[in-house]
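Quick note: numbers below take in every heavy atom, side chains included, and nothing from hydrogens, waters or symmetry partners. Residue numbers start from 1 in every chain, and the chains themselves are labelled A, B, ... in the order their sequence lines are given, proteins ahead of strands.
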2 protein chains.
Amino acid sequence: MYQRPHPKVSDGAAAPRPAPVIPLMPGPLASKRVQMEPQVETEPVVQGVYVISVAARILEMHPQTLRKYERLGLINPGRSVGMLRLYSWEDIRKLYLIRHLVENLGFNLAGVEFTLTLVNQLMQMQERMSGAAKGTPLEGQVEQEMTHLLHTLNLPLDSGSI
Amino acid sequence: MYQRPHPKVSDGAAAPRPAPVIPLMPGPLASKRVQMEPQVETEPVVQGVYVISVAARILEMHPQTLRKYERLGLINPGRSVGMLRLYSWEDIRKLYLIRHLVENLGFNLAGVEFTLTLVNQLMQMQERMSGAAKGTPLEGQVEQEMTHLLHTLNLPLDSGSI
DNA sequence: ATAACTTGACACGGGTAGTGTCAAGTTATA
DNA sequence: TATAACTTGACACTACCCGTGTCAAGTTAT
């Protein structure tokens, strides 16, 4: 097995990263919610958007890293009228996955881009096949296979990710 | 889109790499076949094994690179009685894929290991689902989905790879 | 008005990956 | 058998990647 080398930064006695679980909902740390999304009347969504410092604090990542990821096209947060980056919770979830790929699996950014595409394609594929298998004995196997695959690949994804 | 940076080495006026197609059979370059596999009578296989210098020449890769890949667990060529590495054509095919992932897609070795696992899992998954879908309207869709996925991911694989 | 923040650009440093070199051992050929 | 050619494993070097630090200029909030 290819053993991933030491972590990038030797933090001395740094606290270990939290478990590689991607939160489905904003946690209590997501305070200082700067700006609320324009609420659509028919959809009572409670999720806000976060300015870069808040997003970076939630993710425990450096703001410059977030900016670089955007420049490379890995993420695409919204912008305020004054050009401030506004990170939605979807952006945060995606960044959690990216952080997992980089820190836990040791990918470089080319591998990260590939994996984001992979996850997207797998989700679309599952949707198509689940639809086509409806009513057949294969009904449940599609989702089961996908869950098994993601688990084998160490991709901690709640369905509907990315 | 994440644009992969410049190639690793600025070769000056180096010749461009051959197209990223993984040969299914040994080409004419695979001369100087050093040692033949012990021929099983019931299976007239014509494929030989190659010593590291020959494998490296076929692949246009550095012998040290092949040794490093083995040390990291990406490949596992056989050994002669005198500890010489013996690369089968399966090993060569795998190395073609690895070279593609590194040179064309820009992966580091962690991403390479991930992708090798991915390809393995996808092939097993296809086999299971093709078997289960036999006789249903889904009969052909499984292989079609897999082909589409591999194409989208820029994985030039003939079925049965790796 | 002023403090705090964001943006974009640039640079620095640790780590990765491919390649070069070398002594010791093995294989092939004369 | 003698010798040339090759392989092995170890080590070192170098280019490049990626996270992070810094800074001036502009924006936002108190």
Side-chain angles (χ1 to χ4, degrees), chain A residues 2-12 14 17 32-35 49-57 59-75 77-87 95 98-99 101-113, chain B residues 2-12 14 17 32-35 49-57 59-75 77-87 95 98-99 101-113:
Chain A
Y2 171 73
Q3 280 290 16
R4 194 166 72 83
H6 328 272
K8 204 74 173 191
V9 182
S10 55
D11 280 332
R17 282 288 193 188
K32 198 174 181 180
R33 190 169 297 165
V34 170
Q35 194 171 345
V49 291
Y50 308 93
V51 104
I52 196 171
S53 63
V54 180
R57 179 150 26 90
L59 289 156
E60 299 179 84
M61 294 173 71
H62 200 286
Q64 285 294 66
T65 304
L66 303 188
R67 296 193 183 101
K68 184 164 286 191
Y69 286 177
E70 178 181 2
R71 189 164 51 78
L72 297 176
L74 296 178
I75 52 176
R79 295 278 182 154
S80 76
V81 284
M83 287 300 285
L84 295 195
R85 273 169 262 250
L86 298 178
Y87 293 83
L95 283 163
I98 294 176
R99 201 189 78 176
L101 297 176
V102 170
E103 293 192 353
N104 297 112
L105 303 190
F107 290 11
N108 64 3
L109 300 186
V112 168
E113 187 200 21
Chain B
Y2 169 74
Q3 280 290 16
R4 195 165 72 83
H6 327 272
K8 205 74 173 191
V9 181
S10 55
D11 281 331
R17 281 289 192 189
K32 198 174 182 182
R33 192 168 296 165
V34 170
Q35 194 170 345
V49 291
Y50 308 94
V51 105
I52 195 171
S53 63
V54 180
R57 179 152 26 92
L59 290 157
E60 300 179 84
M61 294 173 71
H62 200 286
Q64 285 294 66
T65 304
L66 303 188
R67 295 193 183 101
K68 184 164 285 191
Y69 285 177
E70 179 180 3
R71 189 164 49 78
L72 297 177
L74 295 179
I75 53 176
R79 296 279 182 153
S80 75
V81 285
M83 287 300 285
L84 295 194
R85 273 169 262 251
L86 297 179
Y87 293 85
L95 283 163
I98 295 176
R99 201 189 78 176
L101 297 176
V102 170
E103 292 191 354
N104 297 112
L105 303 189
F107 290 10
N108 64 4
L109 299 187
V112 167
E113 187 200 21

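Between A:Asn108 and A:Gly82, the residue anchored nearer the 5' end of DNA chain D, judged by the nucleotide with its closest heavy atom, is A:Asn108. The 5' end of DNA chain C is approached more closely, in terms of each residue's nearest nucleotide, by A:Met83 than by the other of A:Met83 and A:Lys68. For A:Ile52 and B:Leu84, each mapped to the nucleotide of DNA chain C holding its nearest heavy atom, the one lying further toward the 5' end belongs to A:Ile52.
Contact detail for A:Ala110 and B:Phe107: the closest heavy-atom pair is O-CE1, 3.8 Å.
Inter-residue side-chain proximity for B:Tyr87 and B:Ile75 is flagged as met; some heavy-atom pair is nearer than 4.5 Å.
Not one side-chain nitrogen or oxygen of B:Thr65 sits closer than 4.0 Å to the OP1 or OP2 atom of C:dA17. A close approach under 4.0 Å does occur between a side-chain nitrogen or oxygen of A:Arg67 and OP1 or OP2 of C:dT7. Phosphate proximity of D:dG9 to B:Arg85: present, with a side-chain N or O under 4.0 Å from OP1 or OP2. Note on A:Tyr69: every side-chain N or O is 4.0 Å or more away from OP1 and OP2 of D:dC18.
Listed for the A:Arg99 side chain is a donor-acceptor partner under 3.5 Å among the backbone atoms of A:Leu59.
Nearest nucleotide to the B:His62 side chain, out of C:dA17, C:dT19, D:dT8: C:dT19.
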- Item | Dot-bracket encoding of pairs in DNA chain D, which uses [ ] for pseudoknotted crossings and | for another strand, Watson-Crick or G-U under 3.5 angstrom | ||||||||||||||||||||||||||||||

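The distance from atom CD1 of B:Ile52 to atom CG of B:Leu66, rounded to the nearest 0.5 Å, is 5.0 Å.
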